[in-house]
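FYI, the numbering just counts along the sequence from 1.
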Amino acid sequence: MPGHFRILVFVAFVGMLFACNPHKTSQIPVSDFFRIADKSTFRISPDGKYISYLKAYNKKENLFIKSLVDGKEQAATSFSDYPVRGDYFWTYNNQIVFFQDLIGDDILKLYTLDVPGMSVKNILTQHKVRIALLNRNKQEPDIITIRMNKRDPANFDIYKLNVRTAELTPYLVNPGNFTEWYPDADGKIRLVTSSDGVDKTILYRPTEKAAFRPIIENNFKTSVRPIAFTGEENNFYALSNVDRDKTALVEINAEDGKETKVVYACGNADIQDVDYTRNKNRLELVRWEAAKPQKHFLNQEIKNIYDKVSTQFKGNVINIVDRDSAENKFIVNTYNDKNPGLYYLYESNTGKLSKLGEVNSSIKPEELCAMQPVSYKASDGLVINGYLTLPLGSKKTDLPVVIMPHDGPFNQSFWWTYNPEVQFLANRGYAVFQINFRGSTGYGKAFHSAGFKEVGGKIQQDITDGVNWLIKNKTADPKRIAIFGAGFGGFSALYGVSFHPQLYNCAIVQHSLINFFTYIKDAPPFYKAQVKMMYEMVGDPEADASQLRAISPVFHTDKIKAPVLVFQGAKDDRANISELNQFVRELQRQNGNENAKYFLKPNERTVFRSQDNRMEMYTQIEKFLDKNMRVNE
């Protein structure tokens, strides 16, 4: 055969291969999806002179500072043991306060960073204590307000902390049932929430010297969440679903707790977030989710800024995440379902938009997959919403599918956003189906309460109905379906392979709930207000014992025949590690070690923060799915 003819035959053969799958995409490395962000968690100093952000250094997220005067970037910290936490903040004296969680030793450290001198000082170290910022204010720039369960693990007290002297002063001692605190613009706490888990009460005091008195009483099915005082008399803004199904932004009279007006309501979804600026004492916008993120503007000045920025980012979600005190410089974040996000500096006096950094420069959006909002009817007629992500390529039917129920179940939902797990799986050729079963947030009070006492009933039926819907419309290959979840989603995965073994090839679980009895009984002390609510929403360990036993995976290892892959952090305060160890050993005894693989990481909490551990986890997930989902190809 002549040489040139052989070349033509080879070219034709290659062409035929590409014609069979013209949209075949190359596999993106696991490390590109799950590595530490290039730059993230941007903040701006109140004086507008510095930008701060987290960036990888020594394989951990450390704090970096960039001067907006000369453009100089400096590493402010260089930790190699544990990262800087993402909930750091600037004080009004232009210092930074940040946390480091030493997971292996159960120690939490609070530091200050004096930016001009780049000096770091440890001002507070606590063992087995939780701390969170409540407030900073201009009147006392050296003072921050924090909540901390130092005195009593079951109760958070409020303290004033001087960030220059490290002096810690008690401000409000918890009487035993306070669960939330709402400082006013001057840092004074005049609204609090008390709860026994079932009944919630909002209390008010006109001054710091007055006693708190109840003004609004609700049970756990109804919610009133204060946002800020209006600045006029003693009225405050709140998100409320009192006497309505969908949560609305309202104004309430603090003297009597009566609603005075509805500021904004959406007919088909809960208002979930409000932007309010204390600098100018004004409402700016409300946000909600209806298939994709939505906004309604309440201030023309801020709308003008969003409109100007939006012209450059069509098809993206845009949010202002921080601003200086003069409200001239704004940090803007933009993202979509195929882009993890970028950050920009917007200067309102000039209209200038400058790129600050991106979350993950390894990701190329054109190589990723669209996240499509979908809905279907459950077997009882209730409409269930979710998101379906199909892999690239011309084939849209008979696909291997990974079902993803979310954690919660009553305080979370999936939303339209970039999700590295979803994109990783789609890049490997799997369709991914995220289900917002009944009980999920954002769809109104009736939909939320429809999930109560149904964790092993109608919630699981919603998931099963979703799988059958995918099979019926021929999206899914019924012989290649996996289920993958974390927390309650992990429970749903184990429930699925226990009670619907014909549906699933395998299950992947992260920090899974395996026993409702110990999950409720072993709740950390600071969860005590939620335990009684669990009785009402999940089940009473005594009155509903037979029901909880019937659904808890720990009692049904004999039903689990499908391969299971389990990941767990040993420092997860919601996990009973010895019970989980025994559960996995029993699965291994019954099905073999290869069919019940277990990865327990000693220095991890609920979510794996170590990059090495994340890489190992997703590499194992890829191998596990490849083994159990491609056997029929």
Side-chain angles (χ1 to χ4, degrees), residues 16-27 291-292 337-338 367-406 413-416 419 421-438 440 458-485 489 492-493 495-508 561-563 621-622 624-633:
M16 288 174 61
L17 288 177
F18 278 94
C20 292
N21 196 352
H23 300 288
K24 184 72 174 177
T25 55
S26 60
Q27 286 196 355
K292 292 185 179 181
D337 57 337
K338 296 189 282 186
E367 296 180 352
L368 301 186
C369 307
M371 182 181 180
Q372 298 294 339
V374 296
S375 63
Y376 61 93
K377 280 191 177 181
S379 51
D380 64 356
L382 188 65
V383 175
I384 306 298
N385 292 279
Y387 296 91
L388 181 61
T389 303
L390 300 180
L392 294 180
S394 56
K395 186 178 180 182
K396 303 299 180 186
T397 59
D398 292 320
L399 295 166
V401 178
V402 177
I403 307 298
M404 289 185 73
H406 63 72
S413 290
F414 287 121
W415 306 121
W416 189 87
N419 184 313
E421 286 185 336
V422 170
Q423 294 297 340
F424 162 64
L425 293 169
N427 179 255
R428 294 317 191 250
Y430 302 102
V432 183
F433 191 31
Q434 300 166 277
I435 300 173
N436 285 333
F437 43 73
R438 70 189 70 205
S440 301
K458 291 181 180 179
I459 286 178
Q460 301 308 319
Q461 188 60 46
D462 290 344
I463 297 168
T464 301
D465 290 339
V467 177
N468 287 328
W469 175 75
L470 284 181
I471 294 171
K472 184 178 179 180
N473 66 27
K474 301 190 183 304
T475 300
D477 177 348
K479 296 180 180 179
R480 294 184 296 165
I481 300 176
I483 185 165
F484 174 17
S492 297
Y495 182 98
V497 293
S498 298
F499 297 101
H500 300 286
Q502 76 284 358
L503 280 184
Y504 302 107
N505 292 59
C506 56
I508 303 166
K561 304 302 181 184
I621 288 173
E622 180 175 11
F624 181 79
L625 288 173
D626 194 58
K627 176 182 177 181
N628 293 291
M629 293 277 281
R630 299 187 184 276
V631 292
N632 297 317
E633 283 193 335

Asker: Which pair of non-hydrogen atoms, one from G429 and one from P400, has the smallest distance, and what is that distance?
Answerer: O-CG, 3.6 Å

Asker: Atom CG in D626, atom CD1 in I621: separation rounded to 0.5 Å?
Answerer: 13.5 Å

Asker: What are the two closest heavy atoms between A493 and G485, and how far apart are they?
Answerer: CB-N, 4.4 Å

Asker: Which atom names give the shortest non-hydrogen contact between K338 and C369, and what distance separates them?
Answerer: CG-O, 3.4 Å

Asker: Compare every heavy atom of S440 with every heavy atom of S413, then report the nearest pair and how far apart it is.
Answerer: OG-CB, 3.1 Å

Asker: Begin with the C-alpha distance, continue with both residues' side-chain angles, and end with the deciding distance and a verdict on side chain to side chain contact (heavy atoms under 4.5 Å, CB included) for L503 and I403.
Answerer: CA-CA 11 Å; L503 280 184; I403 307 298; over 6 Å; no

Asker: Side-chain contact test, heavy atoms from C-beta onward, threshold under 4.5 Å: evaluate it for F484 versus V432 and give yes or no.
Answerer: no

Asker: With D398, which residues qualify under salt bridge (Lys or Arg N to Asp or Glu O under 4.0 Å), at least two apart?
Answerer: none

Asker: Using a strict threshold of under 4.0 Å (side-chain N to carboxylate O), is an ion pair present between D477 and K395?
Answerer: no

Asker: Not counting sequence neighbours, list each pair that qualifies as a salt bridge (charged side-chain N to carboxylate O under 4.0 Å, His left out) and has a residue in residues 423-437.
Answerer: R428-E622

Asker: Between N419 and T389, is a side chain to side chain contact (heavy atoms under 4.5 Å, CB included) present by the stated rule, with each step listed?
Answerer: CA-CA 11 Å; N419 184 313; T389 303; over 6 Å; no

Asker: Can you tell if the side chain of I471 reaches within under 4.5 Å of the side chain of N468, non-hydrogen atoms only?
Answerer: yes

Asker: Can you check whether L425 reaches L625 side chain to side chain, under 4.5 Å on heavy atoms?
Answerer: yes

Asker: Between CG of N436 and OG of S375, what distance do you get to the nearest 0.5 Å?
Answerer: 11.5 Å

Asker: How many angstroms lie between atom OG1 of T397 and atom CG of L390, to the nearest 0.5 angstrom?
Answerer: 10.0 Å

Asker: Measure the shortest side-chain to side-chain distance between I384 and I463 over non-hydrogen atoms and say whether it is less than 4.5 angstrom.
Answerer: no

Asker: Would you say the side chains of D465 and Q461 form a donor-acceptor pair under 3.5 Å?
Answerer: yes

Asker: Is the count of non-hydrogen atoms from other residues, nucleotides or ligands lying under 6.0 Å from K377 atom NZ greater than 12?
Answerer: no

Asker: Just say parallel, tilted or perpendicular for the rings of F437 and H406, cut-offs at 30° and 60°.
Answerer: parallel

Asker: Okay, side chain of Q423, backbone of D337: is any donor-acceptor separation there less than 3.5 Å?
Answerer: yes

Asker: Would the number of heavy atoms belonging to other residues, nucleotides or ligands and lying under 6.0 Å from NZ of K396 be above 12?
Answerer: yes

Asker: I'd like to know if the side chain of W416 and the backbone of M371 have a donor-acceptor N/O pair within less than 3.5 Å.
Answerer: yes

Asker: Rounded at 0.5 Å granularity, tell me how far CD1 in I435 sits from CD1 in I483.
Answerer: 7.0 Å

Asker: Any sub-3.5 Å donor-acceptor pair from Y430's side-chain atoms to L399's backbone N or O?
Answerer: no

Asker: In Å, rounded to the nearest 0.5 Å, how long is the span from CZ of F499 to CD of Q460?
Answerer: 9.5 Å

Asker: Work out which heavy atom in V401 is nearest to a heavy atom in A476; give both atom names and the distance.
Answerer: CG2-CB, 3.6 Å

Asker: According to the interplanar angle, ranging from 0 to 90°, do the rings of W469 and Y376 count as parallel (below 30°), tilted (30 to 60°) or perpendicular (above 60°)?
Answerer: parallel

Asker: With rounding to the nearest 0.5 Å, note down the distance linking NZ in K479 to CE in M629.
Answerer: 14.0 Å

Asker: Are I508 and V402 close enough that some pair of their side-chain heavy atoms sits under 4.5 Å apart?
Answerer: no

Asker: Counting only N and O atoms by type, is there a donor-acceptor contact under 3.5 Å from the side chain of N505 to the main-chain atoms of I481?
Answerer: yes

